[in-house]
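Below: one structure, written as structure tokens.
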Amino acid sequence: MVSETQQATVTRPQIRVQNAVKSFSGRVVVDIDDLMLGDQPIEGLIGPNGAGKTTLMRMIMHSTPLDSGTITLFNANGGGDVVISNLPTHWMAPHGLVKSNQVIMDFDNLTILDSMLLAVSTARYEKPYRIFDEPRLYADSVERMNEYMEYFDLGDPMRIAGSAGEKKLLDIIRCLLLEPKFLMLDEPTAGLPEEVTEKVVGLIRKLADEGTSVVIVEHDLNVIWNLCDEVHFMAEGSVVLHGSPEEIRQNSTVVEKYLGEGHV
Amino acid sequence: MSETNGTPMLEASGLRSGYHGVNVLKDISFEVGNEVFTVLGANGAGKTTLLATLARLIPSTAGSISFLGDDVTRIPAFETAARGMGYVPQERGVFPDLTVMENLTVGGMIGERSREERIEEVVELFPDLGNLGNQVAGTLSGGESRMVACGRALMQDPALLLLDEPTAGLSPLYVDMFFEKITEIHQDKGVGIILAEQNATKALEVADRVMVLSLGEAFAVMDAANLTTDQLKEGYRI
Amino acid sequence: MDLDFFSKSIVIGLTEHAPLILAAIGFALLYRLTGLINVAYSETITLGAYFGMWFNTTYDLNFYTVLLPAGIVAGLISVGTYFAVFRPAKKLNVGALEMIIISFGLSIVLRHALQFVFGYPVRFFEVPPPVSIRVLGVGVGAFRILAVASVAAVSLALYYFIQRTSFGLQIRALASDEDLAQASGIRPLFVTVLIWFIAGVAGGMAGAFYGVSSSVAPLLGWRQFLFIFLVVVVGGRKGLGGVIITGALTGIALAAMTLQFGQVLYAQLALIIAFVVLLKWRSKRSIETVKV
Amino acid sequence: MNLEWLDAFLISGLFSVVVIIGLALLLHLQLGLTRIANFGVVGFFGIGMYSFGVMFTKVDWPFGDLPAFLISLAFGTLVAGLSGLLVGWLIADLDEDGVLVGTLGFATVVFILATTEQDLTGGALGLGGLKFPYDVGTVKADEFLWLIIVSIVVSLIFLYVWWVHRTPYGRLLIATGGNEPLARSLGKATFRTKLWLFAVGSAGMGLIGALFGVMERFLAPENLGIDVTLAAMVALVIGGTARAWGAVIGGFLIFGFFDIIVQSYIPFPKEWYGQAIPNAKLIVEGLVLMGVLLFRPLGILGAMQRDKLMRRVHG
């Protein structure tokens, strides 16, 4: 864990969600007055079905447009504050905001190495006339890529990811290669073998220690209880509780929302 | 573990299924008789996947399903529907482009009894539907569209009704009403019910037997009365 | 611009472009149900024209007698293409993009194969010379009036079939949500075949109308395809009613611009540009949620 | 130059094969890598051809033929590129139906303009006055030289397309085609990528159109039929959409076979050449397109094989 003094010196990026509303065909799915994410290194976002967790993450990434409200990223790459609710999705990564995917997502024809090179490459390299940049791109990033490959024991990178678990892991690695300052993980461990899950968790901790803010949505609440410094509990579209994992776990509202009133 | 009364209506054994090569359900076996059988579990536990697999809308990767004595593991969804399985999916339970009355009529395309008679019965069960006949289902409120979805499935004269979180996101008034209706459907019409729910309290009130799903595995299958809060919390990992 | 211009545009637009509405209804059925953009639909139209002409000239039958047989043959061919090409393609899990290209290939095959059957020269229906009547001060061939009336009748019949009958309900249910329709006991194969047949009949009849009002040539359907497609893509969101209204407005707009510019091609040009810009504008306004 | 050994049919047959390969190569970038089905290939081809033709024949050039020729060529390429930019902007964020409407619509617009703007294009009558920028004696020699020049241009296009697979840009195109939302979430501006792709691809198609027009010498709207798009698509699909060599192999295989062997060397009855053979050729093209996409969607060469490529590049 990070010591108090260390934490004070690190300026963590934070996201503030204000008056954000999203409804689908008349039904309000997310309605948040004021929510600050990123106060603590690792925060969890939990809640019963239909609470709006995934929708909130997509709203932050702007792959779901907001009906109203603003979302601001403080301490973005470069230190400034950016109102991200007006920006298209592809501007999030350059600002240091990255999200992994809940469902398996991969590029059909790209090898593992390609996927990694795609993540580390920037628009500067990707012009139709910049046709001799591949060696430089590779040389610049080979060390970082090797680190991950060795850590996860990926084997030969010049092949297309096979199993669903491998694709899920590759999705997370792509996110990490983007060097996120604010990382959102949507069910990062679903479908991963146990030993890989542990490695991913270890890496998330390390990243958080180094100053990245992490927000996790996860159905396996054991992961949340073990990993998070703070937990946000969502129900019916808004965040109804914040607190340490212990506080949340013991809170009667949480039990009620999950199980129903009689079990409090 | 308790037994069903008499021969089971539906029997699943060693069931596995999921999406994109990830098995959400990991080896599930259970029997359902003419009863209210409740499937509890937190989000991500696999309740929706289980019901869609039983309705034959998601292919199972292993295991078998038998319904009313026949093996239905490989037959198409419209065939299981014709044999008496009614299915109300979680959110998209209505045809959004059709009117309420048309939604009900689609349900009434199978079965022998006269359609008018069945529509009358459904409207008797959900009186609100009587006034909504010509409204396009896509414009209904959440509670109304859930009633239409239920009504559509009941129009099929099902022997077994699969209900996937019929009360999720509804106001408490609707929730109470729906659970009353579930009891009514089971007791008055003799329809067996598989009810997937997250809200344990309400669901246990109407359930005969219960199965708790925990990350794709059956955690407990037992009489609803015997389930303890601690068992539930463990299943939900709270 | 005066009242005369408007009445002229409306009369000419509706009489000349009435078959567009009929063809668009058929295409819209296929498009909305299967999500398939069937480029070969243009050949269904062409074949309707050819078979109509063939029945008409071979058996010396009056145009209205051959209309339905021409439609039915086109409908059967349409069902044939479903079983020969599109159903296997779906079973082989062909992607949406490949599906369009396959239908494009089919379109080319049919278009040129029919020339081996019917010969290369342009053919004509044998119908009595038109008698002109005045409608709203515009001279129109009596035949055209009849054509508009019959297109309207057929369109309404189709509309009724889709909106009011039990088969029509099954079709719309399947189009609305395929999984739910199956869970409700609807047999997808039966309904799908029905759709292909009806779409083919509508296209074939439209082709016969196109053919009788000018000539019967291999490119007959292809020349109309872009406009049919545009009408359906732009108007199809609101169901068949939207297609019919958009089709009628397109016909009127084409006629009005033709009068204005004195050149039918300019009218087409303006309309294509307007429609594509409209699509662009609409896509800007409705940013869909993506699953990332 | 003694060219008696060379058959005039062979020159024109090879020329059309080379032109189709060029178009198919550019289509490979759009359809094969980025998964955009451009049905308006002939539109970009045509606008380049006509812009070049009009510029070259209608302007009173103060200097010699060659500079005028080159300037007109550049103009045709530029106009095609700009129209690609415009079409790309209109359709890059639409789905498959929008792309089909937009590209098909553009091809129709070009056809209409070629027909209506009689002062510039000669309308349906056609536009004459095009000629080679040189004269090496006989017509046959001129055409042969032009075949070589165009082959060189198409070879350069091939080299570029082949090389793009080895660049970050090519990787981005493949990623955009494979999973656009995912690419966007990795910070890729996919809309702009498609825009540039359309601009560059269309410019190339326009250039090929202009070069084709020179060989034709006489431009008419009949040159702008959908069969040009079909030809490029068939060549690409049969060879393999995912591989750079696909266009080359497919082009030689199907058009080499038809345009050279069948049309020139097999002694069919004379009367078949008018309509039966061209007609049969199109039927075969359509059947090939359907058959390949149904039963071997990746064509003769098959999948992209990035694994082997990456091993070669970084191994």
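Numbers restart at 1 for each chain; the letters A, B, ... are given by sequence-line order, proteins then strands. The structure presented is a predicted model; accordingly, all values stated were derived computationally and were not measured.
- Counting heavy-atom pairs under 4.5 Å between each of A:L117, A:D114, A:I112 and chain D puts A:D114 at the top.
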Begin with the C-alpha distance, continue with both residues' side-chain angles, and end with the deciding distance and a verdict on side-chain contact (heavy atoms from CB on, under 4.5 Å) for A:R159 and D:R306. CA-CA 8 Å; A:R159 66 196 164 87; D:R306 291 287 294 183; over 6 Å; no

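- Between A:N109 and D:L33, the closest side-chain pair of non-hydrogen atoms is not below 4.5 Å.
- Inter-residue side-chain proximity for A:L110 and D:I174 is flagged as met; some heavy-atom pair is nearer than 4.5 Å.
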Dump the intermediate steps for side-chain contact (heavy atoms from CB on, under 4.5 Å) on D:K188 and A:L118, then the final yes or no. CA-CA 9 Å; D:K188 308 297 174 192; A:L118 183 74; 3.9 Å; yes

Show the numbers, then the answer: is there a side-chain contact (heavy atoms from CB on, under 4.5 Å) between A:D106 and D:N179? CA-CA 7 Å; A:D106 197 19; D:N179 193 337; over 6 Å; no

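- In this structure, A:D156 and D:R311 have side chains that are in contact, with non-hydrogen atoms separated by less than 4.5 Å.
- Counting all heavy atoms, side chain and backbone alike, A:P94 lies closest to D:G187 at CD-CA, 4.2 Å.
- Here the CG-CE distance, from D:L186 to A:M92, works out to 13.5 Å after rounding to the nearest 0.5 Å.
- Among all heavy-atom pairs drawn from A:I131 and D:W163, the shortest one is O-NE1, 2.5 Å.
- Using non-hydrogen atoms only and a strict 4.5 Å limit, no part of residues 180-189 of chain A faces chain D.
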Under the side-chain contact (heavy atoms from CB on, under 4.5 Å) criterion, do D:H314 and A:M158 qualify, and how do the steps go? CA-CA 9 Å; D:H314 296 303; A:M158 301 188 194; 4.1 Å; yes

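- The structure places OG of D:S185 at 12.0 Å from NE2 of A:H90, a figure rounded to the nearest 0.5 Å.
- In this structure, chain A has a heavy atom under 4.5 Å from the side chain of D:Y160, while its backbone stays farther away.
- A:Y129 has its side chain out of reach of D:T167: every pair of non-hydrogen atoms, C-beta onward, lies at least 4.5 Å apart.
- Distance check, rounded to the nearest 0.5 Å: CZ of D:R184 to CH2 of A:W91 gives 15.0 Å.
- Heavy atoms of other residues, nucleotides or ligands lying less than 6.0 angstrom from CZ of D:F191 number more than 12.
- Smallest separation of non-hydrogen atoms from A:L137 and D:P168: CD2-CG, 3.8 Å.
- Contact of D:R171 with chain A is made through backbone and side chain together, with heavy-atom distances under 4.5 Å.
- For chain A, the nearby parts of D:A183 are the backbone and the side chain; heavy atoms of each come within less than 4.5 Å.
- Between the CD atom in D:Q305 and the CD1 atom in A:I160 there is a gap of 9.5 Å [rounded to 0.5 Å].
- The local environment of CZ in D:R192 is sparse, with at most 12 non-hydrogen atoms from other residues, nucleotides or ligands closer than 6.0 Å.
- The shortest side-chain heavy-atom distance between A:E134 and D:R166 does not fall under the 4.5 Å cut-off.
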